[in-house]
2 protein chains.
Amino acid sequence: MSETKLPRPTDGELAILRVLWARGDSTVREVHEALTRDEPEGTGYTTVLKLMQIMTEKGLVERDESQRAHVYRPRATEQRTQRQLVTDLVDRAFGGSPARLAMQALSSKKTRPEELAELRRLLDTLEGGEE
Amino acid sequence: MSETKLPRPTDGELAILRVLWARGDSTVREVHEALTRDEPEGTGYTTVLKLMQIMTEKGLVERDESQRAHVYRPRATEQRTQRQLVTDLVDRAFGGSPARLAMQALSSKKTRPEELAELRRLLDTLEGGEE
DNA sequence: AGATGTCAACGAAGCCCTTCGTAGATGCGG
DNA sequence: CCGCATCTACGAAGGGCTTCGTTGACATCT
C-alpha cells in the first residue's frame, strides 16, 4: 500500500484543508486571505505559514517550490479525509456503529428533503446489494 | 439558561466518559480498572485521577465527595455529547450538511441490516412530518 | 544600485493535554 | 497506637498546537 496513514488534522489544519479543497492548490497568501475573509481578526499570515509548513512535515499537504511563492496541495481528497474523521468518531463515541452516528446527525439538525431523498437512495443500494 | 455549554471532551476525556455512561457513576479506581481492562499498559491510576479532576473543573463531570473515594457522574448524557460532537464535525468538515456526514458514515463501514432498517424508519419520520 | 515589498524560515512563547512522582490525609487490621 | 493500603492533591515535565516577531532571501520599480 502506497498510502501511509495520515494523521488526524487538527481544527486549524482542517480549516486550511477546506480552503485548499475549495480553491484548489494555493499559496500561503491565498489561503490566508481566504481565511481572513471568512473570519476577520482571525490568524496572522505567519501563523498560517507555520501551520502549512508543519502540515507539510506531517504529510497532510505537499508543496511545489518551483515558484517563489510555494504552492500547496492537499495529499488526501476531501472525501478520504471525511471518511477518516467519521470512522474515528464512530469508534471514539458511537461504539463502532456508523448507523447510530448517522441517526444522531439527522436528528440534530434539520436537513433538506432533497438530501434526505439522496440518503434514501443510498440506503436502497446498501440494503439491495448484499456482499 | 442553566445549561452552560460544555467544552468538547478530548480523546482521553471521552474514554472516561464512556466508562461512566456504561457503568454509571463510578470512583476513579473503578474507571481506571475498566480502562486498563480494555487496554492493558494503558494509563496509570494518577493519570486517570488527574484527568477526572480536570474534567470536574471543566464541568464535564460532577463529583460526590461525601465518601472517601469520590464518586464521579457525567454532567451530560451520552446522547447530548454525541449530538455535540456530531454537529461540531458537521460544521468543521462537512460544510454544515448532516446528510453528507450520514452518507459518509454509512459508506465507510458496513452496517447491520437491522440498523439500516431503523435508519430507514427515522427517514420516514423526517420526510413525513416535515413541513 | 537602492528602496520597497513579498516571501520562507526559524525560534520562542504560551497554552493545553497527558503522564507520573511524591506528599499528605484517611481508614483498617493487628 | 503503629504500620499498611488507599485515596486525593499538587506540581512538574514533556509534547503538541498556535501564535507571532524577526531575519534573510529575493523580486520589482525607479
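Each chain gets a letter, A, B and so on, in the order the sequences are listed, and its residues count up from 1. Note that these values count all heavy atoms, side chains included, but never hydrogens, waters or copies made by symmetry.
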[X]: salt bridge (charged side-chain N to carboxylate O under 4.0 Å, His left out) partners, not counting sequence neighbours:
X	value
A:Arg121	none
B:Glu57	none
A:Asp64	none
B:Asp25	none

Show me the side-chain donor-acceptor pairs of residues 34-45 of chain A shorter than 3.5 Å, one per line, residues at least two apart or across chains.
residue, atom, partner, partner atom, Å
A:Thr36, OG1, A:His32, O, 2.9
A:Thr36, OG1, A:Glu33, O, 3.2

Using whole Å, report how far [atom1] of [X] lies from [atom2] of [N].
X	N	atom1	atom2	result
B:Glu39	C:dT18	CD	P	14 Å
A:Glu30	C:dA8	CD	P	11 Å
A:Glu57	C:dG11	CD	C1'	13 Å
A:Leu60	D:dG16	CG	P	14 Å
B:Gln67	D:dT6	CD	P	18 Å

Residues A:Arg8, A:Glu13: salt bridge by 4.0 Å N-O rule: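 Salt bridge absent between A:Arg8 and A:Glu13.
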A:Arg18 and A:Glu78 ion-paired at < 4.0 Å: no
Using side-chain heavy atoms (C-beta onward) and a distance below 4.5 Å, is [X] in contact with [Y]?
X	Y	answer
B:Leu60	B:Thr81	no
A:Met55	A:Leu17	yes
B:Leu6	B:Lys58	no

OP1 or OP2 of D:dT18 under 4.0 Å from side-chain N/O of A:Thr47: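 So the side-chain polar atoms of A:Thr47 never come under 4.0 Å of the phosphate oxygens OP1 or OP2 of D:dT18.
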Close N/O contacts between protein and nucleotides 13-17 of chain C (under 3.5 Å):
residue, atom, partner, partner atom, Å
C:dC17, OP1, B:Lys58, NZ, 3.3
C:dC17, OP2, B:Lys58, NZ, 3.4

Steps toward side-chain hydrogen bond (donor to acceptor under 3.5 Å, both in side chains) verdict (A:Arg23, A:Ser26): CA-CA 7 Å; A:Arg23 288 192 81 263; A:Ser26 310; 2.7 Å; yes
Could I get a table of every N or O pair under 3.5 Å where one atom is in the protein and the other is in nucleotides 8-10 of chain D?
residue, atom, partner, partner atom, Å
D:dT8, OP1, B:His70, N, 3.1
D:dT8, OP2, B:Tyr45, OH, 2.6
D:dA9, OP2, B:Gln53, NE2, 3.1
D:dA9, OP2, B:Arg63, NH1, 3.2

Test item: A:Glu127 side-chain N/O and A:Asp124 main-chain N/O as donor-acceptor pair under 3.5 Å: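 Such a contact is absent between A:Glu127 side chain and A:Asp124 backbone.
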Kindly give the atom pairs (protein nitrogen or oxygen, nucleotide nitrogen or oxygen) under 3.5 Å for nucleotides 1-4 of chain D.
none

For B:Arg73, all residues meeting side-chain hydrogen bond (donor to acceptor under 3.5 Å, both in side chains), sequence neighbours excluded: B:Glu62
Reported CG-to-CG distance for the pair A:Asp88 and B:Asp11, which is rounded to 0.5 angstrom: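 It is 8.0 Å, given to the nearest 0.5 Å.
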ring-ring contact (aromatic ring centres under 6.0 Å, His included): pairs with one or both residues in residues 69-113 of chain B, sequence neighbours excluded: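 Qualifying pairs, neighbours excluded: none.
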Heavy-atom neighbours of B:Glu65 CD exceed 12 at 6.0 Å: yes
Difference in axis direction between the ends of the helix from C:dA1-D:dT30 to C:dG30-D:dC1, five pairs, 10°: 10°
Kindly give the atom pairs (protein nitrogen or oxygen, nucleotide nitrogen or oxygen) under 3.5 Å for nucleotides 28-30 of chain C.
none

